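Computed from a predicted structure; not experimentally measured. Chain naming here is simple, since letters A, B, ... match the order of the sequence lines and numbering starts at 1 in each.
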2 protein chains.
Amino acid sequence: MRVEVFTVDDMPRINEGDDLTRLILERVRLEDNDILAIASSVVAKAEGRVRNLSEITPSAEAYRISRKLDEDPRFVEAVLEESCEILIESPFILVRRPDGHVCVNAGVDRSNIEEGKIILLPRDPSASAARIRSRIYESTGRRVSVIITDTNGRAFRVGQTGLAIGTSGISSTRDWVGLRDLFGNVLTITNEAIIDEIAGFANLMMGEGDGGTPAVVIRGLSLFEDVDAFHEIIRDEHEDMILRALRRVRFG
Amino acid sequence: MRVEVFTVDDMPRINEGDDLTRLILERVRLEDNDILAIASSVVAKAEGRVRNLSEITPSAEAYRISRKLDEDPRFVEAVLEESCEILIESPFILVRRPDGHVCVNAGVDRSNIEEGKIILLPRDPSASAARIRSRIYESTGRRVSVIITDTNGRAFRVGQTGLAIGTSGISSTRDWVGLRDLFGNVLTITNEAIIDEIAGFANLMMGEGDGGTPAVVIRGLSLFEDVDAFHEIIRDEHEDMILRALRRVRFG
């Protein structure tokens, strides 16, 4: 098997109201089964998910947490407003978002935006992915998968990797149940989180900063399915041992 | 940027003593800067890291844990012998290995091996990677990076992804500190765990079971460095909030 992964080059800086799909389609000729990975930051900007810190009034809770972190209370307030549960308050804020995605700072970001502003995550990243997929199909007739990526830390290991935070046109996992191994034993691995394996590599290709490129195409995998299945990647909160441990310990 | 990722096809079944590097080099013409990802299972088999369950005598501790899991106590004994710390005892065994790698069952696996046998992880996966890299250089003069991959679950999300468990010829992370973003702000992201982003995608390409292929080449990235730096990916145990939470809660 041979797969090609390439960046969509020369994308302009994205602003609210920009037609991101059109900007991508002007720069790349997509084919059936292509996977288009897009950085959440540009999806969010195009959707206007940007806030001015000066227009945010911190709550008492935001002030309390901001003092522990030596952080701007307006930034903390934005994080709290994006979250449904705080798992760790310090030395960093780890939250659960309403869709079950667990991440630092609720994905709120101060980089790649003018000073004094912050970028939120897209309100519903899988809905964004579905809209982009549908626009691509209408414009080109091509059936592609769309993955919205974000950069996240993880347990036990240094560094961040790209993760999928919304998808359309691809299953979240590949199920090996019932398949047999080299020796005829039934496989014990059940689910490979393919959207995150793809998002991670796409993130590597995107880079960061002013040399970065926010869209990447993966060509040569045959993973297209006409589904919106992102929610399947979020583990049931009652079955998640690490979530339960964090709830019991209540750091911060 | 354009990257090609391809499987090393038609690899034979690997047994103890096989010259894995030669078997790969007979099937692919490597170039400078290629990254060669190899599944830990075949590295382990070639190194003879296979045990017969019938030759394992379970300890009292292995019996105790095996009863909670309804698991073969000999399998649990093998897991304990590979571990330096048990973080979760049930409903699955999550351990820390001596090199700091945290994983389920200490990476001990019953699939892709004859019934009654188990595959351990390579004793020192980065040493294995270094030997393979050095053999490739001696045979071909090519300077390639080598990543040994394994499949791991993770917090908060369903499914497993490929992770690097040993490397040679590549840094573990890419450091963006001091770089500036699109708007001239200094980037807050400091470390991108490139070896895991690559391992994940390689794992996707490898597949599982009898249709799987244990070696993948990534061509077109320029990440080669003459270093053995895997240990840098393991987070200091005292700084890891989730490790600390699991130690406090003591599940099982």
Check the pair B/Leu221, A/Met205 against side chain to side chain contact (heavy atoms under 4.5 Å, CB included), reporting the backbone distance first and the verdict last. CA-CA 9 Å; B/Leu221 296 168; A/Met205 297 282 291; 4.1 Å; yes
Name the option with the most non-hydrogen atom pairs under 4.5 Å to chain A; the candidates are [options].
{"options": "B/Arg244, B/Glu115, B/Glu237", "answer": "B/Arg244"}
{"options": "B/Arg13, B/Glu4, B/Arg248", "answer": "B/Arg13"}
{"options": "B/Ile218, B/Leu94, B/Val102", "answer": "B/Val102"}
{"options": "B/Ile233, B/Val217, B/Leu243, B/Asp236", "answer": "B/Ile233"}
{"options": "B/Asp196, B/Ile194, B/Thr173", "answer": "B/Asp196"}
{"options": "B/Arg96, B/Glu114, B/His101, B/Glu239", "answer": "B/Glu114"}

Tell me, for B/Glu232 versus chain A, whether the close heavy atoms (under 4.5 Å) come from the side chain, the backbone, both or neither. backbone
So which atom in [X] and which in [Y] form the shortest heavy-atom distance, rounded to 0.1 Å?
{"X": "A/Glu197", "Y": "B/Gln160", "value": "OE2-O, 4.2 Å"}
{"X": "B/Arg174", "Y": "A/Gly207", "value": "NH2-CA, 4.2 Å"}
{"X": "A/Thr161", "Y": "B/Ala193", "value": "CG2-CB, 3.8 Å"}
{"X": "A/Val249", "Y": "B/Val249", "value": "CG2-CG2, 3.5 Å"}

Give a yes or no on whether the backbone of B/Ala155 and the side-chain of A/Arg154 come within a donor-acceptor separation of less than 3.5 Å. no
For A/Arg157, which atoms come within 4.5 Å of any heavy atom of chain B: side chain, backbone, both, or neither? both
Checking heavy atoms, do the side chain of A/Arg219, its backbone, both or neither come under 4.5 Å from chain B?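 Answer is neither: A/Arg219 stays 4.5 Å or more from chain B.
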Non-hydrogen side-chain atoms of [X] and [Y] separated by less than 4.5 Å:
{"X": "B/Phe156", "Y": "A/Ile242", "result": "yes"}
{"X": "B/Phe201", "Y": "A/Ile198", "result": "yes"}
{"X": "B/Met241", "Y": "A/Pro91", "result": "yes"}
{"X": "B/Glu192", "Y": "A/Leu204", "result": "yes"}

A/Asp9, A/Leu163, A/Ile234: which one forms the most heavy-atom pairs within less than 4.5 Å of chain B?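 Of the candidates given, the most pairs with chain B belong to A/Leu163.
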